[in-house]
Amino acid sequence: MANLINFFETFMSKNSIFKNKQVLQSSYIPENILHREEQLNQIASILAPALREDRPSNIFIYGKTGTGKTLSVKYTTKQLSRVADAREVPLKMCYINCKLKKVADTEYRLIATLSGLFRKKVPPTGLPTDEVYKIFFSAIDAEKSIIVIILDEIDQLVSKTGDDVLYNLTRINSELKNSQISIIGISNDLTFTDNLDPRVKSSLSEEEVIFPPYNAIQIQQILKERGRKAFKKGTIAAGVIEKCAAIAAREHGDARRALELLRVAGELADRSNSKKVMLKHLDEAEDKIERDKILEVVKSQPKQYQAIMYTLLIIKPDKKKRFFTGDVYSKYMDICSSLNLRPLTQRRVSDVLAEFDMLGLIRARVISKGRYGRTREMSMNIPDFLIPKVKLILKNSLNI
DNA sequence: CGAGATTCATGTGAAGTATACCTTTAGGCTTAA
DNA sequence: AAGCCTAAAGGTATACTTCACATGAATCTCGTA
């Protein structure tokens, strides 16, 4: 006990190198956004008519991850609704991330969570989908207002459930008496619109905004700006920002990654009682981020998925080695029987493996081996140094 | 020797099933007049 | 008689299974040079 009190005391008296760590969190919205003037202006001028209670055009936004799409949209809509509030213009913004499982990854759930934002609770299952539409419909049409629905990572939704949802959403306007909705779709898949129903495509992308990647210099400026607010003066060693930017620029100019890197490096520096963020902290941070991300994904998988993941690790944890669906499935059957777990069918396992590919846990592609059939060729995408740790987690969670 | 047919192992789409959950309805019980 | 609670009935979404067909290049077959 005494030890811990001591620990907390020193923790508090020890001065952190952070001034305000929040600034580096990905949820943080700075008051001025660098290098996105053009995009911000575009979005703002498209949305501005909302203040005169006209329906703004639908917007389709694309650009790779970490190019500031979400940030810019949130920033604009936040300012816009501030003005709207001041002038008592009825304007409502709904931000939804379609990637989140159990939140908005099916048509039903999307409309359900949307209704939830209007204080109309919808049960997680049981209602017919059109019933949910009706609930949503009456919720938004209850009083006159302009509603902007922001669908982040919209490509995820469509690839899983098709574009009917979008069609229904864009069509809903003609039925509404009081309100009008417009949709902002955000996607980081540039080819996303290609497989879209032409009607949906044309109405969703009445306006388009493109976010190009940042270059290394721009990322540096962003990092400096945020670093200045986040860290106390003189706590960043020379070259740290530069290296951080270089690492991120290597990955198509992903600013989110750069900021995360800087934050985690700072945390590591703090923890090791260092007075400055050093270059070595960056290296450590890179590992830690990757590790945490993967461990997080693995931990949050359902049991069956974990069993399959475990099978993959047993088969060949080597990054280079290739393996096929057949190998995986037969081994998986073994593991299931030794675990007393009812095995899924091969059909299902095939889908799960495809999902692992999407999650980046494995790399997979479908190949034909000619006379020897056709299969999914896979290789592990989890770095070697993490394998034992992942294995341990799975063992724990599967009671092995 | 080369064009076309064959073959294998599994991908993939569609339809069916089990489960968990929702609303509605009918019956049974209580309560108040 | 009206009100309230409970359990059964009837309905849905979702995760998974079952069924059946699609794939595509290595290999085989067979006619031809």
key: Of residues 129-139 of chain A, the positions that come close to DNA chain C - non-hydrogen atoms, cut-off under 4.0 Å   = A:T129
task = Identify, residue by residue, the members of residues 349-362 of chain A with a heavy atom below 4.0 Å from DNA chain C, and return them in order of residue number, or none.
result = none
Do [X] and [Y] share a hydrophobic cluster, counting only Ile, Leu, Val, Met, Phe, Trp and Tyr and linking them when any side-chain heavy atoms are less than 4.5 Å apart?
{"X": "A:I222", "Y": "A:L282", "answer": "yes"}
{"X": "A:I186", "Y": "A:L196", "answer": "no"}
{"X": "A:I387", "Y": "A:F356", "answer": "yes"}

Among side-chain atoms of [X] and [Y], is any donor-acceptor pair under 3.5 angstrom?
{"X": "A:H252", "Y": "A:T65", "result": "yes"}
{"X": "A:Y305", "Y": "A:E355", "result": "yes"}
{"X": "A:S397", "Y": "A:Q306", "result": "yes"}
{"X": "A:N188", "Y": "A:Y62", "result": "no"}
{"X": "A:Y332", "Y": "A:Q346", "result": "no"}

task = Tell me which residues in residues 151-159 of chain A put a heavy atom below 4.0 Å from DNA chain B, sorted by number, or none.
result =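 Heavy-atom cutoff 4.0 Å gives no residues at all.
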ask   = In residues 114-127 of chain A, which residues come under 4.0 Å of DNA chain B by heavy atom?
value =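 The stretch gives A:P123, A:T125, A:G126, A:L127 as the residues lying under 4.0 Å from the strand, ordered by number.
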With sequence neighbours left out, write down each residue that passes side-chain hydrogen bond (donor to acceptor under 3.5 Å, both in side chains) with [X], or none if nothing qualifies.
{"X": "A:T125", "value": "none"}
{"X": "A:R226", "value": "none"}
{"X": "A:S72", "value": "none"}
{"X": "A:T191", "value": "A:D189"}

task = Please work out if A:P343 contacts a base, only the sugar-phosphate, or nothing of the nucleic acid, heavy-atom cut-off 4.0 Å.
result = sugar-phosphate
message = Per the ring pair (Phe, Tyr, Trp, His ring centres under 6.0 Å) rule, what does the pair list look like for residues 167-219 of chain A, sequence neighbours excluded?
response =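 Counting only pairs at least two positions apart or across chains, the ring pair (Phe, Tyr, Trp, His ring centres under 6.0 Å) contacts touching residues 167-219 of chain A are A:F60-A:F192.
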message = Given the ring of A:Y95, does A:K78 sit roughly above its face, with NZ or CZ under 6.0 Å from the centre of the six-membered ring and within 45° of the axis?
response = no
Listed pairs, N/O of protein and of nucleotides 22-26 of chain C, under 3.5 Å:
| residue | atom | partner | partner atom | Å |
| --- | --- | --- | --- | --- |
| C:dT23 | O2 | A:R374 | NE | 2.9 |
| C:dG24 | N2 | A:G370 | O | 3.0 |
| C:dG24 | N3 | A:S368 | OG | 3.3 |
| C:dA25 | O4' | A:S368 | OG | 3.4 |
| C:dA26 | O4' | A:R371 | N | 3.1 |
| C:dA26 | N3 | A:R371 | N | 3.4 |

ask   = If you measure from CZ on A:R228 to CG on A:L223, what distance do you get to the nearest 0.5 Å?
value = 13.0 Å
Residue list, salt bridge (Lys or Arg N to Asp or Glu O under 4.0 Å) with A:D283, at least two apart or on another chain =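 Partners of A:D283 under the salt bridge (Lys or Arg N to Asp or Glu O under 4.0 Å) test: A:K243.
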task = Examine C:dC16: is either OP1 or OP2 under 4.0 Å from a nitrogen or oxygen in the side chain of A:R348? Give yes or no.
result =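 Indeed, a polar side-chain atom of A:R348 lies that close.
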key: DNA chain B: 5'-proximal contact among A:F324 and A:R347 (nearest heavy atom)   =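 Here A:F324 is the residue nearer the 5' end.
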ask   = Are any of the side-chain nitrogens in A:R347 or A:D351 under 4.0 Å away from the carboxylate oxygens of its partner?
value =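 Salt bridge: yes.
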key: A:L361 versus A:M309, closest heavy-atom pair with distance   =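 Heavy atoms of A:L361 and A:M309 come nearest at CD1-SD, 3.9 Å.
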task = Specify the separation, in whole Å, of atom OH of A:Y108 and atom C1' of C:dA15.
result =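 Atom OH in A:Y108 sits about 16 Å away from atom C1' in C:dA15.
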note = Bounded by its outermost nucleotides with an atom under 4.0 Å from a heavy atom of chain A, the footprint on DNA chain B reads B:dT7 to B:dT23
